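Here's the structure we're looking at; comments come further down.
These numbers come from a predicted model, not from an experiment. These numbers come from the heavy atoms of this one structure, side chains and all, not from hydrogens, waters or symmetry mates.
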Amino acid sequence: LKPTWLQHRAPLGRESHLCLLIQQPLASFLDGKMEAAKGVMDTLAILGQRSGQVNMQKKLADLFLSRGATLQALQLAAEPLGQARWMASSDAAAAALPPLSADFSKKPETQASLQSISELAARAKEQLASEGKAAEALSTVESMAGAFRAMGDKASEAAFLGALSNAHVALGGESRDAFRAATGAVRISRELGNKALLISALEALISTSFACKDPDEALRAASEVVAVAGTTGDKKAEARAKAAAALAHLANEDTDQGMEASSAAAELFKTVGDKVGQAAALAVAYDINILLGKPAAASSSARAVLALVKGDKKAEPVATLMVGSVNTASEDALGACQQALGLFKSSGDKAGEAAAQIAVANVHLCQGGTKADEGLAVAKEALAGFKGLASKSGEAAALSTVAAALSQKGDAVEAEKAVKEALAIFRELRESVGEAYTTALMKRVRVGLPTPAKVTLDQAAGLAHIEISDRVTVASLQEVIATLQASKGISCIVLNLGGSPVPVAPQQAFIKGLGVFLIGLRMIGLPIICAVWGKISGPMWALVLASDYRIAATSTVFMLPIWGKPECWDVLLGHNVGVQMAMAFGPKDSLVMLENGILHQLLKGKDDARKAATEMAKRVVATPSMACHKQPHILSPSMEQFAMAAVQGKIPMHY
């Protein structure tokens, strides 16, 4: 069926006109039809503003990720987390639908058009309230725009074009169609000289610009709103424009101008008594301080925001979560996040509750130590919450947090499963920030995955090549010893030690297993030539000290103090060097180790070090008179004490 406004393009007859007048008074007829359209316009204004906020959150998430503020980036990238953390301004400006003139209202064509608009508005209202009907709603809103155009009232047409631009950005329309509608509304408003209508059209253009990630156009429109509102005395419109300008400056990384606009907007909101608007303006300063890497200033801004919205059931939890999202290693941050969790829970906001749980979990993880268990438990609660809400982006963010907690606990296998699932969801949603965050997390998690020790026998050269990292499993070490014991014709061992860039605290079971491995090497009794690279820490020191000749890549880093039984160091290293290595803390480069006699040779990189170790081992095999054949370092009494102390659990895990 054609819309009513197409059916009644011709003037109605006198009798039809009289029937309309008899059915209801003209004024109430017009008011009812326009009110229905205005309701749709108000809804679209809110949806357009929300769409602009979501897209600007993603823009800022990109900026935060590029500056290293990864947790803040994840908060803004995942929509439910961003909504819980984003201090929204006061309600969107009400739709400016001007009244029709008396003469124009009396025309039968006008009344027929209004009847059609009313029918379309009822349909649009129903579609906007239904799931999965965005395309139908957009089509209906476009028909309403056509009805307003056919009615012939330019002011009404301009007002609804602003609503149409909001519909395009909120309901999945094309960006060019949204801009065409918004700029059309601005053009007609200028032609009419109607300043109130122009302000409304420019605000629609600002929402459209933010939704289409065009902060430059938003900034230009905001500047014009400030100028027009200054002549009309509309302080609230001026304040909204200043706040929009501050956000546009932030998106463009113009931090100084953004701070100025934020302060100006806050002052204007203060003069009109809008505390939530004032808080939203100050929240831009909060984000600017995060971008600049100033957590203390960001915390101060967040507390100022919280003071303004105390008692506001919607805004107070958001502000409290903002306070807890900076200085996350502090107890104050934990308290704020837990308070925000309680506020979201009491208000019945399930999405906000789950978002706050992720914030609590991240604070636990930042504080380290035994807090990882608590962080994991809260992250799993958040995951269950987002699954219950069917929020895919929230679920992915929660899975990332679960993976980070599992990795911190040392459970790399389960952490990898969780992070893979999170990455798949972010890719499905095309969330670039979430994908970048989880990809980086994946690399950190995989560093912690257990890698089995491997042995390769070169019978022709008389060598056994052993590959070991600080993530080896005890079972694989036992298999290496069994292989060596069963082999024949092997005269020297080449030990390739790859240190992990992210060392883990050794577990007591691993320490005992390493002690058994050292005893196994003593039973075999062959010279050992080692090549080392990466970061050497913890039990890896035992394998370095057990070697007869040590070659390292120049980039190798050694973490001090040396791990092991201190009583053995005098013999293994010499008294002076042993004391120095026991007293020093932190990383030392390979040159320091060479100067102290711990290393015998340095080479450019990992491959060169491995090759040199193999060549040295061949020389050892070819020279039976070398002392290391008669008395390998692994057979020294000090290494026996070292190995027995590890097996008996007498080496402190912090060494």
Side-chain angles (χ1 to χ4, degrees), residues 410 412 447-455 465-478 480-481 493-522 528-566 568-569 572-573 577-578 581-582 584-590 592-594 596-602 606 609-610 613 633-634 638-639 642-643 645-647 649 651-655:
V447 166
L449 288 173
T451 54
K454 298 177 182 178
V455 59
H465 297 268
I466 302 176
E467 304 286 338
I468 293 183
S469 74
D470 48 7
R471 308 284 179 169
V472 293
T473 59
V474 173
S476 67
L477 292 175
Q478 293 171 351
V480 167
I481 294 299
I493 294 172
V494 180
L495 197 57
N496 295 310
L497 305 179
S500 168
V502 185
V504 292
Q507 302 298 313
Q508 195 64 56
F510 177 75
I511 292 173
K512 290 182 179 180
L514 182 68
V516 172
F517 179 70
L518 291 173
I519 291 172
L521 289 177
R522 284 176 58 80
I528 300 173
I529 311 299
C530 79
V532 299
W533 62 88
K535 186 176 286 186
I536 302 301
S537 63
M540 293 286 280
W541 271 108
L543 299 173
V544 173
L545 297 178
S547 302
D548 295 274
Y549 194 83
R550 304 155 196 150
I551 304 171
T554 53
S555 59
T556 311
V557 175
F558 295 81
M559 300 300 295
L560 297 178
I562 293 176
W563 180 90
K565 188 177 181 182
C568 302
W569 294 349
L572 292 175
L573 301 173
V577 174
M581 297 299 105
F585 283 83
K588 297 293 180 182
D589 61 33
S590 55
V592 173
M593 296 296 114
L594 182 67
N596 283 280
I598 294 175
L599 296 178
H600 300 102
Q601 191 176 348
L602 291 182
K606 165 186 169 181
R610 290 170 63 99
H633 206 54
I634 188 68
S638 294
M639 282 309 304
F642 200 121
V647 171
I651 299 179
M653 286 189 289
H654 64 272
Y655 266 104

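Across every non-hydrogen atom of Ile481 and Leu521, the tightest pair is CD1-N, 3.8 Å. Smallest separation of non-hydrogen atoms from Ala542 and Phe642: CB-CE2, 3.6 Å. For the residue pair His633 and Met639, the shortest heavy atom distance occurs at O-CG, 3.5 Å. In plain terms, the two heavy atoms of Met540 and Leu497 that are nearest each other are CE-CB, 3.7 Å. The nearest pair of heavy atoms linking Ala552 to Phe558 is CB-CZ, 4.5 Å. For the pair Leu594 and Leu599, the tightest heavy-atom approach, listed with the atom from each and the gap, is CD1-O, 3.4 Å.
For the atom pair CH2 (Trp563) and CG (Leu514), the distance works out to 5.5 Å, reported to the nearest 0.5 Å. How far CG of Asp548 is from CD1 of Ile528: 6.5 Å, rounded to the nearest 0.5 Å. Here the CG atom belonging to Asp589 is positioned 9.0 Å from the CG atom belonging to Leu602, to the nearest 0.5 angstrom. If you take CD1 on Ile529 and CD on Gln601, they are separated by 10.5 Å, rounding to the nearest 0.5 Å. Note: Leu477 CG to Ile466 CD1 = 9.0 Å, rounded to the nearest 0.5 Å. One finds the CD1 atom of Ile551 at 7.5 Å from the SG atom of Cys530 (value rounded to the nearest 0.5 Å).
A donor-acceptor distance shorter than 3.5 angstrom exists from the side chain of Ser590 to the backbone of Thr554, with no hydrogens or angles considered. Although no hydrogens or angles enter the test, the distance criterion places a donor-acceptor pair under 3.5 Å between the side chain of Arg550 and the main chain of Ile598. Looking only at distances, a side-chain donor or acceptor of Ser476 sits under 3.5 Å from a matching main-chain atom of Ala453.
Each of Lys606, Lys454, Arg610 was checked for a salt bridge (charged side-chain N to carboxylate O under 4.0 Å, His left out) with Glu467, and the lone residue meeting it is Arg610.
Using a 4.5 Å heavy-atom threshold, the side chains of Trp533 and Thr556 count as touching. Here the side chains of Met581 and Asn596 are in contact, with some heavy-atom distance below 4.5 Å. The shortest side-chain heavy-atom distance between Leu560 and Met593 falls under the 4.5 Å cut-off. The side-chain heavy atoms of Leu518 and Leu543, taken from C-beta on, include a pair separated by under 4.5 Å. Side-chain contact between Val455 and His465 is absent, with no heavy atoms from C-beta onward closer than 4.5 Å. Annotation: side chain of Leu495 is in contact with side chain of Ser547 (closest heavy-atom distance under 4.5 Å). Annotation: side chain of Val516 is not in contact with side chain of Val474 (no heavy-atom distance under 4.5 Å).
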Exercise for the section: For Val480 and Ile468, run side chain to side chain contact (heavy atoms under 4.5 Å, CB included): C-alpha distance rounded to whole Å, both residues' side-chain angles, the deciding distance at 0.1 Å, then the answer. Expected result: CA-CA 10 Å; Val480 167; Ile468 293 183; over 6 Å; no
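Judged by distance alone, the side chains of Ser469 and Thr451 do bring a donor and an acceptor atom under 3.5 Å apart.
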